[in-house]
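Naming: A, B, ... by sequence-line order, numbering from 1 per chain. All values reported here derive from a predicted model rather than from experimental measurement.
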Amino acid sequence: MNLKLYNTLTGSLETFKSLKKGTVRMYTCGPTVYDVPHVGNYRAFLFFDLVKRYLWFLGYEVKHVMNITDVDDKIIAKCVKENVSLETLTAKFTDVFKTDAEVLGIELPELLPKATEHIKEMIDLIKVLINNNNAYKTDDGSVFFKIDSFDDYGSLSEIELDHLASTERVADDEYGKENPQDFALWKKWKEQDGEIGWDSPWGRGRPGWHIECSAMSMKYLGEEFDIHCGGVDLLFPHHENEIAQSVCGTGKSFVQTWLHCDHLLVDGAKMSKSLGNFYTLNDVMERGHSAMALRYLLTSSHYRQKVDLTNEHLYSAGQAVQRLQDFRRRLVEAAGKVTSHQAESPVLADFSSAMKQDLNVSEGLAVVFDWIRETNRKIDSQNMSPNEAAAGLIALERIDSVLSVLTDDLIQITDEEQALVSEREVARKAKNWSRSDEIRDIFRTKGYELEDTPKGTVVKRIYKTTAES
RNA sequence: GGCGACGUACCCAAGCGGUCUAAGGGAGCGGUCUGCAAAACCGCGAUUCAUCGGUUCGAAUCCGAUCGUCGCCUCCA
């Protein structure tokens, strides 16, 4: 059975086949580094990560490129306002992005090209577009893409140009356009841009937003490649414009499969900076949730489905992660010193065939949880051989190579705390239950649960409950 | 105004014409285990899939209408 993905371009579920056998070339729209990314942004980055990890799972080599947008209106405005250089500002938020990504278990691509380091490539592409009569320069030194010159314009988003005219853009840098829907490839320098600008054949200025993705994806992945991902909000106009620029620039078909993930909502509304209803990774963690709970919440429902970020949902996700984590611990115990090179296969096959249906994680997880219950039953009834447990462990790890929610959950406790745990072990042996319970209560107030197992006491972190908010 | 997505138990969610008197997770309740817990396991929990019509031998799944929620059309993951 083959991987099926919903291709926005055709509006249908398609069997995925990479252009080059065994290798997938994938471009994903990365962050605009003008501020701390919010959880909504991570929903998309986590989706890209899921796509990549599952392609790895299937044995593909994945050549992944994600751009860093380090020049745009908001960045420039902020630099000028705070009187910092573009490099300083964007380096700061690029770092935040990378740190957060690591905390969330996102495997960043080997290539994270910055827009500002590819001005030349963009200028070259714009030159081609002007030559091909797909773009024109205005008197003041901006360059616009001529939408009428591309017949297929609107084919991705299914937007009809006639219906667009109702909301005309009024930004002052858009004067001089032949058609209000034409979009900027190059924006002439303005006084409020301060120091920021680059020289070009059309004078000093800066690139339009869309051109960086065309220029950089072509540079690193070639004129035609397999997958391009982004959030649904990029569908129009960004991806539409990217297609127009790229197809007109090369005459090739550009991207084979377009994947778009839906939004993250908070209290039922789209999370966004402009609405002011955004949360950062730190905000979520400060509320007492683990990064893995967030990761699980954002990846466990289907990518084309909206997800509502609430404390209750985060808690629920955290509990599911805990169950997975506890299960792994049980397998490790049951396997003892035995290791296996063979993964238990039925669960892997079932998991994978669910994932092949347009990345149906929900169904994949259902398979996994069924298997967990069955395996736990075997362990409980002592019908689990070390070999079998070891094979199960391999299977779990393979599954987690896609989900990536099983972190090393060993709790760091202080020496004093460790002493208390030891004291309690002694007390328990002496059947001093009141002291045992007292110590357990001390840990509970600190946010830890003590679990007595045949192999000793396990210290677990207690995550937030639904009662608090 | 134009375009689109969605509405399944207390919450999240899969299913996309028959095997559905509908997976899985969380929460809850009852039980086994445990010194007590926790974890694990067992059991309970929607005769019903927003509503109303239609197509069909057969619908949560297809069609239409209605109501509701959300998104895009302007920067946005």
Searching all strands shown, indicate the nucleotide that pairs with [N] (Watson-Crick or G-U wobble; both distances under 3.5 Å).
| N | value |
| --- | --- |
| B/C3 | B/G71 |
| B/G30 | B/C42 |
| B/G35 | none |
| B/C52 | B/G64 |
| B/G24 | B/C12 |
| B/G58 | none |

### Task
Please determine, for the side chain of A/K74, which listed nucleotide (B/A14, B/A77, B/C75) has the closest atom?
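Among B/A14, B/A77, B/C75, the one nearest the side chain of A/K74 is B/C75.
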### Message
Among B/A77, B/G15, B/A23, which nucleotide has an atom closest to any side-chain atom of A/N360?
### Response
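Closest nucleotide among those given: B/G15.
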Across the strands shown, which category fits [X] at heavy-atom distances under 4.0 angstrom: base, sugar-phosphate, nothing?
| X | answer |
| --- | --- |
| A/G40 | base |
| A/K431 | nothing |
| A/G318 | nothing |
| A/H260 | nothing |
| A/L297 | nothing |

What interatomic distance, in whole Å, is found between [atom1] of [M] and the corresponding atom of [N]?
| N | M | atom1 | result |
| --- | --- | --- | --- |
| B/G17 | B/G2 | P | 31 Å |
| B/G25 | B/A14 | P | 15 Å |
| B/A39 | B/A77 | C1' | 38 Å |
| B/C42 | B/A27 | P | 16 Å |
| B/C75 | B/A59 | P | 48 Å |
| B/U47 | B/U8 | C1' | 14 Å |
| B/G58 | B/C16 | C1' | 16 Å |
| B/A23 | B/G4 | C1' | 29 Å |

Does a side-chain N or O from [X] land closer than 4.0 Å to OP1 or OP2 of [N], or not?
| X | N | answer |
| --- | --- | --- |
| A/S272 | B/C75 | no |
| A/Q357 | B/G15 | no |
| A/K270 | B/A77 | no |

Tell me: [atom1] of [X] to [atom2] of [N], nearest whole Å?
| X | N | atom1 | atom2 | answer |
| --- | --- | --- | --- | --- |
| A/E312 | B/A13 | CD | C1' | 13 Å |
| A/D370 | B/G15 | CG | P | 15 Å |
| A/L309 | B/A77 | CG | C1' | 14 Å |
| A/D49 | B/A77 | CG | P | 18 Å |
| A/H302 | B/C70 | NE2 | P | 22 Å |
| A/H313 | B/C12 | NE2 | P | 5 Å |
| A/Y315 | B/G25 | OH | P | 15 Å |
| A/F351 | B/A14 | CZ | C1' | 14 Å |

Give the ring-plane orientation class for [X] versus [Y], where under 30° counts as parallel, over 60° as perpendicular and anything between as tilted.
| X | Y | value |
| --- | --- | --- |
| A/Y54 | A/F57 | parallel |
| A/H210 | A/H238 | tilted |
| A/H239 | A/H260 | tilted |
| A/Y303 | A/F47 | parallel |

#### Entry: Residue whose closest nucleotide on RNA chain B lies nearer the 5' end, A/D72 versus A/L365
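Mapping each residue to its closest nucleotide by heavy atoms, the 5'-most match is A/L365.
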### Query
Want to settle it: does A/S157 or A/H238 sit nearer the 5' end of RNA chain B, counting the closest nucleotide to each?
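That would be A/S157.
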### Pair A/D72-A/T32, side-chain donor/acceptor within less than 3.5 Å
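No - no donor-acceptor pair under 3.5 Å links their side chains.
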### Query
Hey, are A/Q357 and A/N360 close enough side-chain-wise for a donor-acceptor pair under 3.5 Å?
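A/Q357 and A/N360 do not have a side-chain donor-acceptor pair below 3.5 Å.
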### Query
Taking A/R330 as the fixed residue, which of A/T453, A/I372, A/D380, A/T375 is the one that meets the side-chain contact (heavy atoms from CB on, under 4.5 Å) rule?
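Looking at A/T453, A/I372, A/D380, A/T375, the match for A/R330 under the side-chain contact (heavy atoms from CB on, under 4.5 Å) is A/D380.
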Presence of salt bridge, [Y] and [X], under 4.0 angstrom:
| X | Y | value |
| --- | --- | --- |
| A/D73 | A/K187 | yes |
| A/D262 | A/K306 | yes |
| A/R377 | A/E374 | no |

### Message
Does the protein touch nucleotides 35-45 of chain B at the base, only the backbone, or not at all? Give it as B, S and - per nucleotide, heavy atoms under 4.0 Å.
### Response
BBBBSSSS---
